[in-house]
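Counting starts at 1 for both ligands and their atoms, in listed order. Numbers here simply count residues along the sequence, with the first being 1.
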Amino acid sequence: MKFSKSSKLLERAKNILPGGVNSPVRAFRAVGSNPPFIKKAKGSKIYDIDGNIFIDYVGSWGPMILGHCHPKVAEAVKKAVDKGTSYGAPTPLEVELAELVLEAFPSMEMVRFVNSGTEAAMGVIRLARAYTKRDRIIKFEGCYHGHSDSLLVKAGSGATTLGVPDSPGVPADIAKNTYTAVYNDINSVKMLFEKDPEGIACVIVEPVPGNMGVVLPQNDFLKKLKSLCERYGALLILDEVMSGFRSTFGGVQKLYEIDPDMTCLGKVIGGGLPVGAFGGKKKIMQNLSPSGPVYQAGTLSGNPLAMTAGIATLKELKKKGVYEKLLSTTDKLCNGVEEMAKKKGLPARLAKSGSMFTLFFTDSPVHNYSDAKKSNLEKFGKYFRKMLENCVYLPPSQFEAIFVSTAHTDKDIAKTLDAVKKAFRAI
Ligand code: KE4
C-alpha cells in the first residue's frame, strides 16, 4: 500500500492549512501516522488519491449512516442544486425537516437549525442561561460539545472548583462559569448543585458519550441527572449530535426514557451536508429571536441543500427494516471482534450503543474518562496502522467511536474481521 501522493499533498497543505487539515483529529497525530487524502467515497468505501480503497468506519464522524453517496440522497441534492444553493429566506424544506426531527424526538416541541454541532451547543447554552437567568453550567470530563469557549473547559484543581480553560484563547473569566463533573458519578454532580444551588443554568451531557470512546450510562445515571436538574431548577440538555439516530429513529433519550428540556443534534440530520440543530420545550424555545430576546442567527442556517440531504436521509431511516439491518450488521462485527480478542487473551473492552462502538485496549471496565485514559494508546496505534494496511479505515483515535452504516455488507464485515485477526496477531 503506497501513500506517496498523499504524503506530497500533505506537505503542500501544511504550508497553508494548519496541520494540513481543517479539523485536528483528521491529522492522525494520535496514531503516529499521516492521513490519506480522499478523492471520493461510495457506499461503505472511501478512495484515496493513491488508488487505495478502504472500508470506511469513520463515515465523516457519523453523518454517513446510509453510507456515502446513497442514491436517494445524491439524487435529491443534485435536483436541489438546480433550484439554487442558498436563499437566506424561509423555505418549505426547513419546515419539512423540522417536522421529521420533531417526529423522531417527541421531547422536542420546537427546533432551530444551525450549521454545526458546535453552533447547536453554543445556542442552547445561551438560551438556557437566559431562560434560567443563571450563568453557571455543568459539563462532563471527556464529553465534547464542539469548540465554543464555554465548552472548551476542564475541571479546576479540586472537584468542585470552577473550570479552567482547556485551550489557549479561552478567557479564564468565561471558563470559571463551567463546572466539570464525572460521567456516571451522580455524586460529582450533586456536590456542584449543593455548592451552587441557585447558580446553575443547565447540565449538558452526551447521554451516551462517543467522544471519550463509547461509554454507557450505569445505574440510572441519566434519570438521576434529570431529577437533580428538576430539584435545583436547572435545565437538562442532551447532546445527541453523535448518538442521534444511531440506535433508533430518534435519540438514545427514547431508549433510556429521558425527557430532557433541550436536545442538540447534528451529523445524521444533515446527511453529510453542514447542519446542526437545537430544540426542546416551547416555553424555552420561544425566547429565541425573533420570537424572543435571545439572539442567535446564521447566514446558511436551514440551507436548502443541507435540508434536502437531511430529509432524504431521515426518510430512508424511517423505512421498515433499516434499523434491524443496521444493528444486526453492527452486532455481527462486534461479536466477531470480541470473540477474537478473548481468544487471543487481549486486554480489551468493547462498548457498543446501536451502530456506534469503541474497542478500548484496557482490561478494566470503562465507565468514565479516567477509565478510558487507562487504555494502552501505543497498542491502539499499532492496531490502527495494521487495520489501515489491511484496507480498513478506523477513527484515528482511541477516544472516538466506530460508525457502522446500512451500506456495510456481510462481505465488508468478513474482510474487516480478517483484518482484525491480522492486527491482533501483530500487536
Ligand atoms: P461539529 O461542530 O463538529 O459539527 O459538532 C461538534 C460536536 C458536538 N457534540 C458532539 C457529541 C460531537 O461528537 C461533536 C463533534 N464530534 C467530532 C467527533 N468526535 C467531530 C469530528 C471533528 O471534530 O473533526
Does some non-hydrogen atom of Lys267 fall short of 4.0 Å from ligand 1? yes
What do you reckon, does [X] have a nitrogen or oxygen under 3.5 Å from a nitrogen or oxygen of ligand 1?
X: Ser23; value: yes
X: Gly146; value: no
X: Glu206; value: no
X: Arg26; value: no

Between Tyr183 and Phe221, is the ring centroid distance below 6.0 Å? yes
When the ring centroid of Phe193 is compared with that of Tyr179, is the distance short of 6.0 Å? no
Please report which non-hydrogen protein atom sits nearest to [atom], along with the residue it belongs to and the distance in Å to one decimal place.
atom: atom 19 (N) of ligand 1; result: Asn211 OD1, 2.4 Å
atom: atom 9 (N) of ligand 1; result: Asp239 OD2, 2.8 Å
atom: atom 1 (P) of ligand 1; result: Gly117 N, 3.5 Å

Is it the side chain (CB and beyond), the backbone, both or neither of Glu240 that lies under 4.0 Å from ligand 1, heavy atoms counted? neither
Looking at Tyr47, does the NZ or CZ of Lys39 lie under 6.0 angstrom from its six-membered ring centre and within 45 degrees of the ring axis? no
Asp331, Thr358, Thr330 screened by side-chain hydrogen bond (donor to acceptor under 3.5 Å, both in side chains) with Lys352, the one that passes: Asp331
Run the numbers for me: atoms of ligand 1, each under 4.0 Å from some heavy atom of [X], listed by number.
X: Ser116; answer: 2 (O), 4 (O)
X: His145; answer: 8 (C), 9 (N)
X: Glu400; answer: 18 (C), 19 (N)
X: Met242; answer: 13 (O), 19 (N)

First locate atom CG of Leu238, then atom CD1 of Ile258, and finally report the distance between them rounded to the nearest 0.5 Å. 7.0 Å
Distance in Å, Lys83 NZ paired with Lys79 NZ, rounded so as to fall on 0.5 Å steps: 8.0 Å
I'd like to know if Lys382 pairs up with Glu378 as an ion pair, taking the criterion as any Lys NZ or Arg NE/NH1/NH2 lying under 4.0 Å from an Asp or Glu carboxylate oxygen. yes
Salt bridge Asp50-Lys8, side-chain N to carboxylate O under 4.0 Å: no
Would you confirm whether any non-hydrogen atom of the protein falls under 4.0 Å from atom 3 (O) of ligand 1? no
Counting heavy atoms only, which of Tyr144, Phe403, Trp61 is nearest atom 14 (C) of ligand 1? Tyr144
Give the C-alpha distance, both sets of side-chain angles, the deciding distance and a yes or no for side-chain contact (heavy atoms from CB on, under 4.5 Å) between Leu314 and Val268. CA-CA 8 Å; Leu314 296 197; Val268 166; 4.1 Å; yes
Any side-chain donor near an acceptor of the partner, Ser148 and Arg126, under 3.5 Å: no
